[in-house]
Amino acid sequence: MAAKLSGSGGGKFGIEANADINVTPFVDVMLVLLIIFMVAAPLATVSVKVDLPPAVAQPSPTPPKPIYISIQKNGNLHIGDFPTDLDKMGDDLKTQIGKRDPTKERIYIRADKDTIYGDFMGVMNKLQDNGFYSVALIGTDQRGNKPK
């Protein structure tokens with residue numbers, strides 16, 4: 001705490017207490033601590049030598065190409081770029097995925113905004129009948145951009 005040697009209201013030799021915080025000693029102590037930590041930090045490195053095994057990771061398999069079903073507003077169906085119909089769709093999908101498990105495959109559906117709801121539900125039901133339970137719907141974002 002600091003002392004105030006002169007001020008209003010008291011005699012010539014009146015001493016009052018100063019309630020302001022003196023920051024200078026605090027800054028000095030912090031700078032000294034900063035310097036100590038800067039000098040001591042490089043000394044904290046480990047100097048024990050360890051012969052580590054090589055880090056060889058097995059290459060991960062390339063993920064399968066996603067399968068898209070497109071439904072046009074007139075009800076025409078396409079798997080990727082190939083046309084199909086509702087009756088052949090299950091067999092065409094199983095041909096495309098090969099030996100993979102259909103219950104673990106995700107099928108992406110793109111439908112025209114004017115598609116009849118019954119056509120869309122027919123595709124969904126046919127997918128479930130053939131064991132494709134993971135379905136993702138693709139649409140445009142809020143700004144009206146086309147999907148990638």
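Hydrogens, waters and symmetry mates play no part in the numbers below; they use all other heavy atoms, side chains included. Positions are given from 1, in the same order as the sequence printed here.
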Original post:
Is there a side-chain contact between Leu137 and Phe120 (heavy atoms, below 4.5 Å)?
Top reply: yes
Original post:
Can you tell me how far CD of Glu105 sits from OG of Ser134, rounded to the nearest 0.5 angstrom?
Top reply: 9.0 Å
Subject >> Shared hydrophobic cluster, Val39 / Leu31 (ILVMFWY, side-chain heavy atoms < 4.5 Å) >> reply: no
**OP:** Check whether any side-chain heavy atom of Leu93 sits under 4.5 Å from a side-chain heavy atom of Ile69, and report yes or no.
**Re:** yes
Original post:
How far does CE of Met124 sit from OH of Tyr117, to the nearest 0.5 angstrom?
Top reply: 8.5 Å
Subject >> Heavy atoms of other groups near Leu86 CG, more than 12 under 6.0 Å >> reply: yes
Original post:
For Arg100, does the CZ atom have more than 12 heavy-atom neighbours from other residues, nucleotides or ligands under 6.0 Å away?
Top reply: yes
Original post:
Quick one: does Val135's side chain get under 4.5 Å of Gln128's, heavy atoms only?
Top reply: no
Subject >> Single-linkage hydrophobic cluster, 4.5 Å side-chain cutoff, Ile71 and Tyr68 together >> reply: no
Subject >> Close side-chain approach of Met89 and Leu127, heavy atoms under 4.5 Å >> reply: yes
Original post:
Are Val29 and Ile36 in one and the same hydrophobic cluster, where Ile, Leu, Val, Met, Phe, Trp and Tyr link if side-chain heavy atoms are under 4.5 Å apart?
Top reply: no
Determine all donor-acceptor pairs shorter than 3.5 Å in which one atom belongs to a side chain in residues 76-83; sequence neighbours excluded.
{"from": "Asn76", "atom 1": "ND2", "to": "Gln72", "atom 2": "OE1", "distance (Å)": "3.4"}
{"from": "Asn76", "atom 1": "ND2", "to": "Asn74", "atom 2": "OD1", "distance (Å)": "3.4"}

Original post:
Would a 4.5 Å heavy-atom cut-off, applied to side chains only, mark Pro102 and Ile97 as touching?
Top reply: yes
Original post:
When rounded to the nearest 0.5 angstrom, what distance separates OH in Tyr133 from CD1 in Ile107?
Top reply: 13.0 Å
Original post:
Is Met38 atom CE crowded by more than 12 heavy atoms from other residues, nucleotides or ligands, each under 6.0 Å away?
Top reply: no
